[in-house]
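Read the numbers this way: they start at 1 and go in the same order the structure lists the ligands and their atoms.
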Amino acid sequence: MKQVSLLGATGSIGLQTLEVLRLHKDEFSLYAMAFGKNIDKALPLIEEFNPAIIVVQDEMTKDKLEKEVNHSRIFSGSGGLIEASVADSVDVVVNAVMGSIGLPATLKAIEAKKSIAIANKETLVTAGHLVMDAARKHGVELLPVDSEHSAIYQCLNGESSKDISKLLITASGGSFRDKTRDQLKGVTVEDALNHPNWSMGAKITIDSASMMNKGLEVIEAHWLFGIPYDQIHVILHRESVIHSMVEFVDRSVMAQLGTPDMKVPIQYALTYPDRMELPITEQLNLEQIAALHFEKMDFERFPCLRMAYEAGREGGSMTTVLNAANEEAVQLFLEGRIDFLDIEYLIEKELSKHQVIHSPDLSTILSIDKRTREQVRSHLK
Ligand code: NDP
Ligand code: MG
């Protein structure tokens with residue numbers, strides 16, 4: 001029986017992880033769960049799974065929760081996320097929190113030699129070098145949950161990285177794929193949240209509409225698979241049936257296909273190197289889909305993707321700035337305080353004035369992250 005610590009249990013990935021755990025009660029048990037402030041969503045989960053450790057975002061939420069449940073091990077904040085990640089009984093940490101807040105707990109979980117199923121891409125974007133160095137040092141493998149990276153991971157099964165000629169990451173195009181830049185001027189939060197293929201948390205849905213999500217995924221792939229940016233390509237593929245591909249030196253291309261359902265990569269990260277049945281996911285019906293389409297990515301249409309490649313190639317603290325500026329700008333858009341196109345404008349502003357620091361340590365990363373967020377907010381005044 002594997003004991004799971006689930007960070008971000010009330011979110012889109014968190015709830016789908018729990019669906020997988022429900023299916024395989026003899027294999028997995030929920031030892032720890034962390035969430036932000038959403039007590040209403042968490043209460044029935046606490047009742048159902050009875051985790052030994054519960055973590056919430058802050059002290060205020062902890063006080064509120066303690067009035068609702070009789071539980072002796074409720075923790076809060078970043079320290080709480082670490083507590084849930086390193087507990088002796090935990091075998092696997094599923095990191096599904098949103099944002100770079102997940103970084104310190106990921107590093108501590110690696111030091112504690114836990115298996116890590118990583119959905120939290122912002123952690124790899126903000127400090128990929130620290131995460132991968134720690135993973136190498138402690139002999140821990142990161143199992144990707146992001147569907148594109150899970151696809152690549154599956155295509156690479158048993159292959160040598162020297163035989164890879166390129167990674168081909170597919171992009172659905174997000175909710176605004178058919179709009180021109182001119183048409184993006186008046187779009188609302190509601191329009192942006194309406195993703196054609198995937199149902200996800202609010203932040204990643206906005207990232208998909210701006211194409212920053214694909215940019216973050218390029219950086220995530222660079223770190224997870226150790227592949228240079230010139231060998232990572234993005235291709236528009238509307239149907240989201242091929243989740244990504246790998247081309248090898250002999251021109252052979254491997255692809256992983258399936259219905260767009262995150263429960264597949266979530267479960268694979270939990271059962272790797274084995275597989276288990278997943279009857280709650282629909283089978284792929286290729287006759288019904290009939291055709292698959294591919295288009296070249298347009299970097300002028302999607303400047304966030306261009307900025308992500310540029311920041312990734314620059315390296316060091318540049319991707320910390322990219323990520324923090326994006327997280328903050330997306331939050332401002334979701335709060336209705338800026339327009340959609342201001343997101344890319346604010347990110348570009350932060351990137352252009354940042355003096356890159358190579359190989360930043362954790363405290364440098366955390367302070368650049370904080371400062372960048374403050375600077376983005378300061379433009380509002
Ligand atoms: P959601 O916004 O749906 O969920 C985020 C989760 O994190 C919630 O449980 C939230 O709690 C919790 N959380 C937020 N802040 C904190 C905090 N400070 N301390 C503890 N918990 C916190 O996000 P998603 O599930 O969509 O995404 C999670 C991660 O997975 C992101 O990095 C995303 O990029 C990645 N991902 C998501 C995919 C998807 O299909 N959704 C696909 C691929 C990757 P609360 O509910 O209380 O706010
Ligand atoms: Mg993805």
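Nearest heavy atoms, Ala308 versus Ile219: O-CD1, 3.7 Å. Across Ala42 and Met33, no two heavy atoms sit closer than the pair CB-CE, 4.0 Å. Listed here is the closest heavy atom pair of Leu142 and Tyr153: O-CE1, 4.3 Å. The two residues Asn194 and Ser175 make their nearest non-hydrogen contact at O-CB, 3.1 Å. Ala52 and His71 make their closest contact through O-CE1, 3.1 Å (heavy atoms, listed as atom of the first residue, atom of the second, distance).
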- Message: Test side-chain contact (heavy atoms from CB on, under 4.5 Å) on Lys37 and Asp58; report intermediate values, then the result.
- Response: CA-CA 8 Å; Lys37 298 182 179 180; Asp58 51 32; 3.2 Å; yes

- Task: Take Ser100 and Arg373 through the side chain to side chain donor-acceptor pair (under 3.5 Å) test and state the conclusion after the steps.
- Result: CA-CA 12 Å; Ser100 60; Arg373 290 168 193 266; 3.0 Å; yes

- Please step through side-chain contact (heavy atoms from CB on, under 4.5 Å) for the pair Val253 and Phe248, ending with a clear verdict. CA-CA 6 Å; Val253 179; Phe248 294 93; over 6 Å; no

- Task: Start with the C-alpha gap between Met1 and Asp26, add the side-chain angles, then the distance that decides, and say whether side-chain contact (heavy atoms from CB on, under 4.5 Å) holds.
- Result: CA-CA 7 Å; Met1 172 83 91; Asp26 294 339; 5.9 Å; no

- Message: Could you walk me through whether Glu374 and Ser378 satisfy the side chain to side chain donor-acceptor pair (under 3.5 Å) test, starting with their C-alpha distance in whole Å, then the side-chain angles of each, then the deciding distance to 0.1 Å, before giving a yes or no?
- Response: CA-CA 6 Å; Glu374 287 164 0; Ser378 74; over 6 Å; no

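Counting heavy atoms closer than 4.0 Å to ligand 1, residue Ala96 contributes backbone atoms (N, CA, C, O) but none from C-beta onward. Contacts with ligand 1 closer than 4.0 Å are made by side-chain heavy atoms of Ile204 only, the backbone lying farther away. At a heavy-atom cutoff of 4.0 Å, ligand 1 is contacted by no atom of Ala42, backbone or side chain. Contact annotation for Met262 and ligand 1: only side-chain heavy atoms (C-beta onward) come within less than 4.0 Å of the ligand.
Looking at Gly8 next to ligand 1, an N or O pair under 3.5 Å apart turns up. For ligand 1, none of its N or O atoms has an N or O atom of Val56 under 3.5 Å away. For ligand 1, none of its N or O atoms has an N or O atom of Asp146 under 3.5 Å away. Residue-to-ligand polar distances keep Ile101 apart from ligand 1: every N/O pair is separated by 3.5 Å or more. The shortest N or O to N or O distance between Gln16 and ligand 1 is not below 3.5 Å. Taking distance alone, with nitrogen or oxygen atoms compared against 3.5 Å, Asn38 approaches ligand 1 more closely than that limit. At least one N or O atom of Ile13, backbone or side chain, sits closer than 3.5 Å to an N or O atom of ligand 1. Any N or O atom pair closer than 3.5 Å counts here, and Lys37 shares at least one such pair with ligand 1.
For atom 29 (C) of ligand 1, the choice among Val145, Val97, Ile118 with the nearest heavy atom turns out to be Val97. Considering Lys263, Glu122, Gln57 only, the shortest heavy-atom separation from atom 18 (N) of ligand 1 involves Gln57.
Among the candidates Asp339, Leu341, Asp191, the single residue satisfying the side-chain contact (heavy atoms from CB on, under 4.5 Å) test with Leu184 is Leu341. For the side-chain contact (heavy atoms from CB on, under 4.5 Å) criterion with Met318, the lone passing option out of Ile368, Val356, Ile357 is Val356. Considering Glu122, Glu327, Glu328 as possible partners of Lys203, the one that fulfils the salt bridge (Lys or Arg N to Asp or Glu O under 4.0 Å) test is Glu122. When each of His233, Met211, Lys214 is paired with Met297, the side-chain contact (heavy atoms from CB on, under 4.5 Å) condition holds for Met211 and for no other.
For the atom pair CZ (Phe75) and CD1 (Ile53), the distance works out to 5.5 Å, reported to the nearest 0.5 Å.
Heavy-atom contacts of Thr10 reach the following atoms of ligand 1: 8 (C), 9 (O), 10 (C), 11 (O), 45 (P), 46 (O), 47 (O) (cutoff under 4.0 Å). The Ala9 neighbourhood of ligand 1 comprises atoms 9 (O), with distances under 4.0 Å to a heavy atom of that residue. Listed by number with element, the atoms of ligand 1 under 4.0 Å from a non-hydrogen atom of Asn120 are 32 (O). Near Ala119, with a cut-off below 4.0 Å to any heavy atom, the atoms of ligand 1 are 30 (O), 32 (O), 35 (C), 36 (N), 44 (C).
In this structure, Ile343 and Ile206 have side chains that are in contact, with non-hydrogen atoms separated by less than 4.5 Å. Taking the side chain as every heavy atom from C-beta outward, Met307 and Glu348 approach each other to under 4.5 Å.
In this structure, Ala202 does not count as a contact residue of ligand 1, since none of its heavy atoms falls inside 4.0 Å of the ligand. Residue Lys41 places every heavy atom at 4.0 Å or more from ligand 1. For Lys203, the closest heavy-atom approach to ligand 1 does not fall below 4.0 Å.
Look at Arg73 and Glu83 and you find no salt bridge, because none of the NZ, NE, NH1 or NH2 atoms lies under 4.0 Å from a carboxylate O. Taking 4.0 Å as the cut-off between side-chain N and carboxylate O, Glu310 and Arg313 do not count as a salt-bridged pair.
For atom 4 (O) of ligand 1, the nearest non-hydrogen atom of the protein is Gly11 CA, 3.1 Å. Of the protein's non-hydrogen atoms, Lys121 CE, 3.3 Å is the one closest to atom 34 (O) of ligand 1. Nearest protein heavy-atom neighbour of atom 11 (O) of ligand 1: Gly36 N, 2.8 Å. Of the protein's heavy atoms, Gly201 N, 2.9 Å lies nearest to atom 26 (O) of ligand 1. Remark: minimum distance from atom 41 (N) of ligand 1 to any protein heavy atom is reached at Ser12 OG, 3.1 Å. Here the protein heavy atom with the shortest distance to atom 20 (C) of ligand 1 is Phe35 O, 3.1 Å.
For atom 14 (C) of ligand 1, the nearest protein heavy atom lies 4.0 Å away or farther.
Of the N and O atoms on the side chains of Glu220 and His149, at least one donor lies less than 3.5 Å from an acceptor on the other residue.
The set of protein atoms (N, O or S) found at less than 2.8 Å from the Mg ion (ligand 2) reads Asp146 OD1, Glu148 OE1, Glu217 OE2, by chain and number.
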